[in-house]
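No experiment lies behind these values; they were computed from the predicted model shown. Any value given below was found using the heavy atoms of this structure, including those in side chains, with hydrogens, waters and symmetry copies removed.
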Amino acid sequence: MADFNEYKGVWVFCEQRQGALMPTDFELVSEARKLADELGCEVTGLLLGDNVEGIAKELGGYGADKVMVCDSPLLKDYTTDAYAKDYTTDAYAKVVCDMVNEYKPEVLLIGATNIGRDLVPRCAARLHTGLTADATHLDIDTAKYIDFLKESSTIDLSKQKFDMEDRNLKMTRPAFGGHLMATIICPRFRPQMSTVRPGVMKKAPFDQAKADACQIVKPAFALAAEDIKTEVLSVEKAAEKLVDLIGADVIVSVGRGISKDVNKGIELAEQLAAALGGGVVGASRAVTDAGWMTADHQVGQTGKTVHPKIYVALGISGAIQHTAGMQDSECIIAVNKNEGAPIFGVADYGIVGDLFKVVPELIKQIEAAKAAQ
């Protein structure tokens, strides 16, 4: 068991690709700031790459007190050794583990991107600690965790016992295909590690003064060409058209209610999204499971977590698996034939009716209002 007194600080692995920080970095640093304030410690970004010191200060604008910059031509591209049996894998895993062993952060957060999901389990194995994958909520303070349970679960909290002094990181993630939420702690080992789903955590407003004050540290680290088992010959970008739910201001999502005419239901959603100002179409898990829309449209615990200005739910019942992914939208409008549908419990505006009749009228009214301006 680790000596917990040696471990202090909340670290974020800050992913960069071709010299550009990823949006997930800012979300995680913002969340790390909240956790660190509760723990009374610093937020440190860990940035690996080649000639990336110039982009490090930006992380301070979202809450990082300092950024550890490990700069080397050998870190230009992320590499991994899929065949290693002893987890002594390529450069990134080696440097991350060396930094953790030397500086001993209490918490290490990594975005659940393709790189993060490959890197962090290798690091956890080498560091002999636990890992929670794909977390959607994080807590330190037990009272705040209880408040989260009140809002997001059906648990009878009066029958539960909580240790109010527990300062372990409480990492909540979907389980059993999104039908349950599981909260995981790592009470015996450090650091406490988690990948966090992109788009889940809210990015704090950028603060230039904090960015200017952010300390840049360039630690010594050992890395040689022989540590890299994979050579990247070239990076080829493929243009694949995917819906950008996370960055959308307007989302119109469809659920099982479109089943009587799937194509017409999706078409109406697209028309309403366009009428509302260039929105995009999302979907519930029932829709993607049925193959009516692709998985990149899915909103919910097992899909994307979104925070648009306007979220319209068409024919979606509002099970917790879906509402957990959209309940923080600024304005929620629900259309459902069932007046007792749970979606109305989180909606700002609700319309009880057949979406195939309601949506054309909504579009007509929106277009009339635009013409009158």
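Under the side-chain contact (heavy atoms from CB on, under 4.5 Å) test applied with P191, the options V107, L131, V100 reduce to a single match, V100. Under the side-chain contact (heavy atoms from CB on, under 4.5 Å) rule, T305 has a single partner from L245, V200, D328, which is V200.
Between H322 and Y311, the angle of the ring planes lies from 30° to 60°, which puts this pair in the tilted group. Ring geometry for Y103 against W11 counts as tilted: the plane angle lies between 30° and 60°, on a 0 to 90° scale.
A distance of 8.5 Å separates CZ in F26 from CZ in F206, rounded to the nearest 0.5 Å. Here the CD-CG distance, from E58 to L21, works out to 5.5 Å after rounding to the nearest 0.5 Å. Note that the CG atom of L268 and the CG atom of L355 stand 7.0 Å from one another [nearest 0.5 Å].
For E339, the CD atom counts as loosely surrounded, since its 6.0 Å shell holds 12 or fewer non-hydrogen atoms of other residues, nucleotides or ligands. Within a 6.0 Å radius of NZ in K370, more than 12 heavy atoms belonging to other residues, nucleotides or ligands are found. Heavy-atom contacts from other residues, nucleotides or ligands closer than 6.0 Å to CG of N101 number more than 12. At most 12 non-hydrogen atoms from other residues, nucleotides or ligands lie less than 6.0 angstrom from NZ of K210. More than 12 heavy-atom neighbours from other residues, nucleotides or ligands sit within 6.0 angstrom of CZ on F162.
One N or O on the side chain of T113 and one on the backbone of G116 form a donor-acceptor pair closer than 3.5 Å. A distance-only check finds a donor-acceptor pair linking the side chain of N336 to the backbone of I316 [under 3.5 Å]. Judged by distance alone, with hydrogens and angles left aside, the side-chain atoms of K304 form no donor-acceptor pair with the main-chain N or O of G325 at under 3.5 Å. Side-chain atoms of H307 do not come within 3.5 Å of backbone N or O of E330 as any donor-acceptor pair. Without hydrogens or angle criteria, T142 side chain to D163 main chain gives a donor-acceptor distance under 3.5 Å.
In the hydrophobic clustering of this structure, I258 groups with V252; members are Ile, Leu, Val, Met, Phe, Trp, Tyr whose side-chain heavy atoms approach within less than 4.5 Å, directly or through other members. Residues V10 and I216 share a single hydrophobic cluster, defined by chaining ILVMFWY side chains whose heavy atoms lie under 4.5 Å apart. In the hydrophobic cluster analysis, where Ile, Leu, Val, Met, Phe, Trp and Tyr join through side-chain heavy atoms closer than 4.5 angstrom, L35 is grouped apart from I185. Clustering ILVMFWY residues whenever any of their side-chain heavy atoms sit less than 4.5 angstrom apart, transitively, puts V254 in the very cluster that holds V335.
Looking at L28 and K203, their side chains never come closer than 4.5 Å, going by heavy atoms from C-beta outward. The shortest side-chain heavy-atom distance between M193 and T132 does not fall under the 4.5 Å cut-off. In this structure, the side chains of F4 and R190 come closer than 4.5 Å at one or more pairs of heavy atoms. Side-chain contact between V287 and I266 is absent, with no heavy atoms from C-beta onward closer than 4.5 Å.
With respect to the salt-bridge test (charged N to carboxylate O, under 4.0 angstrom), the residues R33 and D65 qualify. Taking 4.0 Å as the cut-off between side-chain N and carboxylate O, K260 and D354 count as a salt-bridged pair. Salt bridge present: E15 and R17 bring a charged side-chain N and a carboxylate O closer than 4.0 Å. Between E27 and K202 there is no salt bridge, since no side-chain N of the basic residue sits under 4.0 Å from a carboxylate O of the acidic one.
A donor atom on one side chain and an acceptor atom on the other are found under 3.5 Å apart for D166 and N168. There is no side-chain donor-acceptor pair under 3.5 Å between N263 and E267.
Aromatic ring centres of F148 and H137 lie closer together than 6.0 Å.
Residues forming a side-chain contact (heavy atoms from CB on, under 4.5 Å) with K104 (at least two apart in sequence, or on another chain): E6, Y7.
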